[in-house]
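Heads up, the thing below is written out as structure tokens.
Note on naming: letters A, B, ... go to the chains in the order of the sequence lines (proteins, then strands), and numbering restarts at 1 for each one.
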Protein chains: 2
Amino acid sequence: MVSIFVIAKDNSNIAFFLETELEGLRQSIELLFLAYRDFTAEPDEILSRSGFGRAHHRVIYFVGRNPGMTVSQLLDILQITKQSLARVLRQLVDEGFIEKRLDEKDGRRRLLHLSAKGSEIEILLTTLQAERIRTAFDQAGKDAESVFKDVLRGIINEKDRGRVSDNC
Amino acid sequence: MVSIFVIAKDNSNIAFFLETELEGLRQSIELLFLAYRDFTAEPDEILSRSGFGRAHHRVIYFVGRNPGMTVSQLLDILQITKQSLARVLRQLVDEGFIEKRLDEKDGRRRLLHLSAKGSEIEILLTTLQAERIRTAFDQAGKDAESVFKDVLRGIINEKDRGRVSDNC
DNA sequence: CATATATGTCAATAAGGCTGACATATATAT
DNA sequence: ATATATATGTCAGCCTTATTGACATATATG
């Protein structure tokens, strides 16, 4: 990988090939940045009206997707510290978007659930994002969805690939 | 769009169809979050060693891609305030990663360029991300790259779609 | 000459991360 | 039983990156 740039200083064919390949990949990098920026902008804007931010969105989203998940599992997905999560989670619990229930099997655990209010906003935000993606799929043709998902899976660290099922 | 959830309360076929469609789209949302998280983690880690963050990365990246771009153009892409950019930019100029040159045609403008040092780190970071994406393309089959880019373009707000060329 | 544009800068504030330290309750292993 | 490990919570302080508002300067342009 690093060797690409050692040999790319001359004008050999292989250097040219590798340079243009990198150029194509740069476009993907850029598109990914822009797409993620616009993908998160709408929900961010809506949440900011309620005094929440993107961090709250992520918590609402993942709890909605995994009802009854534990705090540890959430930390594992978000890859932030528990102190960071605690602040966000406390606000969401205080404002009645998320409920913490005691796990009867293991009394140390708190199981996370969306309240009706939390579920409502989750659906609103998810629909906005889903709508944006669906439009893109429609424009991009037949196998766009499966190819897109496959590539994203490939970008994700191996460890977390199994987290999202592929039964669709 | 909103009507999906109005009718989804009953068990009609169409409601079921729409629910499963949303479910599939939720997977894409989740994959996009995880992919972006892992996609930025490596460069973030490297930059943090030099006391920089993701904001610096973005500036280095876009200046590298658009040598001679103006401050306004950069603000337009990043969609942050000029005060936010100013701090990051000042650090990068002070540490010799970016050069500001006076535009001879319009003396109000400062044209942004990477220094050799800036170019070096840009290549390092871009290569890491490119490598990750390339591997994903390889795994995902023949047309993965063009389909992936098409979908991302569809996700990006219309206004910014032209920003990334498609001559690849 | 007046106004618009491009850039820079000061100050105050907020969100959302971080580290380190410590507390409590419950499970599990010896 | 006791010791250790696990799951969670919380306090305090700090950093980065963003925000808004106000104002300054240089240069272009009508």
State whether B:K82 places a side-chain N or O below 4.0 Å from either non-bridging phosphate oxygen (OP1 or OP2) of D:dT19.
no

Provide, to the nearest angstrom, the distance between the CZ atom belonging to B:R49 and the P atom belonging to D:dC15.
21 Å

Paired with D:dA7: which nucleotide, if any, by Watson-Crick or G-U wobble criteria at under 3.5 Å for both distances?
C:dT24

Quick check for you: among C:dG17, C:dT9, C:dT7, whose closest atom lies nearest to any side-chain atom of B:A86?
C:dT9

Please state how far atom CG in B:L112 lies from atom P in C:dT7, giving the value in whole angstrom units.
8 Å

Does C:dG17 have its OP1 or OP2 closer than 4.0 Å to a side-chain nitrogen or oxygen of A:R58?
yes

Nearest-Å distance for atom pair NZ/P, residues A:K105 and C:dT28
13 Å

Mind telling me whether A:Y36 and A:F39 have parallel, tilted or perpendicular rings, with 30° and 60° as the class edges?
tilted

Roughly, in whole Å, what's the span from CZ in A:R90 to P in C:dA15?
13 Å

Give B:R87 one of three labels, base, sugar-phosphate or nothing, depending on what nucleic acid heavy atoms sit under 4.0 Å from its own.
base

Check whether the side chains of B:R110 and B:T70 place a donor and an acceptor atom closer than 3.5 Å, and report yes or no.
no

Within the structure, does a side-chain N or O atom of B:R110 lie under 4.0 Å from either OP1 or OP2 of C:dT5?
no

Taking atom P of D:dT17 as reference, at what distance in whole Å does atom CG of B:L75 sit?
16 Å

Derivation and outcome, salt bridge (Lys or Arg N to Asp or Glu O under 4.0 Å), residues B:D94 and B:R90:
CA-CA 6 Å; B:D94 287 353; B:R90 193 185 323 122; 5.8 Å; no

To the nearest Å, give me how far apart CG (B:D76) and C1' (C:dT5) are.
14 Å

Regarding B:E131 and B:T127, do their side chains bring together a donor and an acceptor under 3.5 Å, going by distance alone?
no

Under 4.0 Å: is that the gap between some side-chain N or O of B:S84 and OP1 or OP2 of D:dT19?
yes

What about the rings of A:Y61 and B:F33, do their centers lie closer together than 6.0 Å?
no

Side-chain N or O of A:T81 less than 4.0 angstrom from OP1 or OP2 on C:dC18?
yes

Spell out yes or no: do the side chain of B:R108 and the base of C:dT5 have one donor N/O and one acceptor N/O closer than 3.5 Å?
yes

Between B:L111 and B:Q83, whichever has its closest DNA chain C nucleotide further toward 5' is B:L111

Between C:dT24 atom P and A:L102 atom CG, what is the distance in whole Å?
18 Å

Measure from NE2 on A:H56 to P on C:dA14 and round the result to the nearest Å.
15 Å

